[in-house]
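The shown structure was predicted, so the numbers you read here are calculated from the model rather than taken from an experiment.
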Amino acid sequence: LLAAMAAQARPSLAPSIRTASARLEGDTLFLEVAADWKVFAEMHLDDYRELARKAGGRPFKVKVAAGPASGALIGR
């Protein structure tokens, strides 16, 4: 599901999806994004929901949680 969502996502959304992990419980998709993507993901929850619907062929509730930092800013 995540790979299909990333493939359909606009360039600004794709990196947060590619680095996410997910689990599906019933009709709820739980996305764990890197901590530095959490605020961004929460602001674009409707976009993630629409991508999940297109990728999965049915509507999903989407919930976002923060995982470990991605390390993208480490060393700069």
In Å and rounded to the nearest 0.5 Å, what is the [atom1] to [atom2] distance from [X] to [Y]?
X	Y	atom1	atom2	answer
E50	L13	CD	CG	12.0 Å
E42	L31	CD	CG	11.5 Å
T19	D36	OG1	CG	8.0 Å

Quiz item: Does R18 have any salt bridge (Lys or Arg N to Asp or Glu O under 4.0 Å) partners at least two apart in sequence or in another chain, and if so, which?
Solution: none
Side-chain donor-acceptor distances from residues 54-65 under 3.5 Å, at least two apart:
none

State, to 0.1 Å, how close [X] and [Y] come at their nearest heavy-atom pair, and which atoms those are.
X	Y	value
A35	A66	CA-CB, 4.0 Å
P15	W37	CB-CZ2, 3.7 Å
A22	L29	CB-CD1, 3.9 Å

Self-check item: Shared hydrophobic cluster, I17 / V39 (ILVMFWY, side-chain heavy atoms < 4.5 Å)
Solution: no
Practice problem: Please find out if less than 6.0 Å separates the ring center of F40 from that of H44. | Solution: yes
Quiz item: Is any side-chain heavy atom of L1 closer than 4.5 Å to a side-chain heavy atom of M5?
Solution: yes
Quiz item: Of all residues at least two apart in sequence or in a different chain, which pass the side-chain contact (heavy atoms from CB on, under 4.5 Å) check with R23?
Solution: E25, F30
